[in-house]
Trainee: 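Got a structure for you, written out below as structure tokens; questions coming shortly.
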Amino acid sequence: MKLGTRHLLTLSELTPRELAALLRRASRLKSDLRSGRQHETLRRRSLVMVFQKPSTRTRVSFEIGMRQMGGHAVNLAASEMQLSRGETIEDTARTLSGYADCVMARVYEHEMIERLAAHSDIPVINGLSDMFHPCQILADLMTIKERKKKLDGLRIAWIGDGNNVCNSMIYGAALAGASVAVATPKRHAPDKDVVREARRDTEVVQTEDPNIAVKGADVVMTDTFSSIHNKGAGRAKAFLPRYQVNRKLMDKADQDAIFMHCLPAKRGQEVTADVIDGPQSAVWDEAENRLHAQKALLEALIHK
Ligand code: CP
Ligand code: NVA
């Protein structure tokens, strides 16, 4: 599949049909890789990765993904680039466009990646901003589909911080036909515009009560209470103990519910060890699926 859109900054750029095709391709890439078949569809293609913030999964899955498809990735810490000495993101975008076939960037402010995309002649992928984490949700939807055999009509509960991953999850659920129930403290609700837009396509329930959100849920998701852009020493206090995903809360979801977390996780804060390391947890498939989902995305964005 080739995408009509050039960039992936939020997930709302995708149509439901494009999302479904990406997930199908990702599953195919995964099963073929497991049976020893690699698709060198990006031979001699280059990805530049710009990181303003730390990463384990995003960095490694993009780099290995490019290599498996016959291409390669160049990793740049923003602190080692001329960006750190005042070169503009616009000039950086124009320069990288002359060398590479695609840029993936992890930035503090979402506006930064919008400016990068606006001045790039090559596709730009958001590898996490303060507002969104679209690649994570591609992998999450792939994982849910593997476990539940469908997406349409499922009920996804989000507990805790209505952050970047939550915003993308809301867009992703709307695209996939799943409904969402988000339980957060009032001050940490997801972005209002994202919720408003998603409500055109699916049900988005917002509540302060985690018990309401998880009732009958097929998927229970959470994330750290202190995102990289939003650390604040006492931040966890706003969420604990009420918004912790523990055994008692999981028991209120559907009995076959799965638990998901984009990682990194803090056991004892947003989730207890018995849940994240227990039989309902899908977090390791979720982490692995970053590789397969992003390979499908790279193939679709990097036109031949
Ligand atoms: N989930 C995720 O994006 O992980 P990293 O921060 O390790 O890339
Ligand atoms: N919400 C987290 C996700 C990390 C993958 C953050 O922004 O740090």
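All ligand and atom numbering here is 1-based and tracks the order in the structure. What you are looking at is a predicted structure, and each value in this text was computed from that prediction instead of being measured.
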Trainee: Is any side-chain N of the basic residue among Asp193 and Arg196 closer than 4.0 Å to the acidic one's carboxylate O?
Mentor: yes

Trainee: Are any of the side-chain nitrogens in Glu146 or Lys30 under 4.0 Å away from the carboxylate oxygens of its partner?
Mentor: yes

Trainee: Name the residues in contact with ligand 1, where contact means a heavy atom under 4.0 Å away: which are they?
Mentor: Ser55, Thr56, Arg57, Thr58, Arg106, His133, Gln136, Cys262, Leu263, Arg290

Trainee: Just wondering, more than 12 heavy atoms not from Gln38 lying within 6.0 Å of its CD?
Mentor: yes

Trainee: Look at Asp256 together with Arg147 and state whether they make a salt bridge at an N to O cut-off of under 4.0 Å.
Mentor: no

Trainee: What do you reckon, does Thr224 have a nitrogen or oxygen under 3.5 Å from a nitrogen or oxygen of ligand 2?
Mentor: no

Trainee: So is Asn164 polar-close to ligand 2, meaning N/O to N/O under 3.5 Å?
Mentor: yes

Trainee: Is the shortest N/O to N/O distance between Asn163 and ligand 2 below 3.5 Å?
Mentor: yes

Trainee: Are any non-hydrogen side-chain atoms of Ile159 and Val214 less than 4.5 angstrom apart?
Mentor: yes

Trainee: Testing the 3.5 Å rule here: is there a donor-acceptor pair between the side chains of Thr41 and Glu299?
Mentor: yes

Trainee: Can you find an N or O of Arg106 that's nearer than 3.5 Å to an N or O of ligand 2?
Mentor: no

Trainee: Is Lys266 close enough and on-axis enough to Phe225, meaning under 6.0 Å and within 45°, for cation-pi?
Mentor: no

Trainee: When you look for heavy atoms under 4.0 Å from ligand 2, do you find them on the side chain of Leu263, its backbone, both, or neither?
Mentor: backbone

Trainee: Using a 4.0 Å cutoff against the non-hydrogen atoms of Asp223, which atoms of ligand 2 qualify?
Mentor: 1 (N), 2 (C), 3 (C)

Trainee: Does Glu288 come within less than 4.0 Å of Arg34, counting only side-chain N to carboxylate O?
Mentor: yes

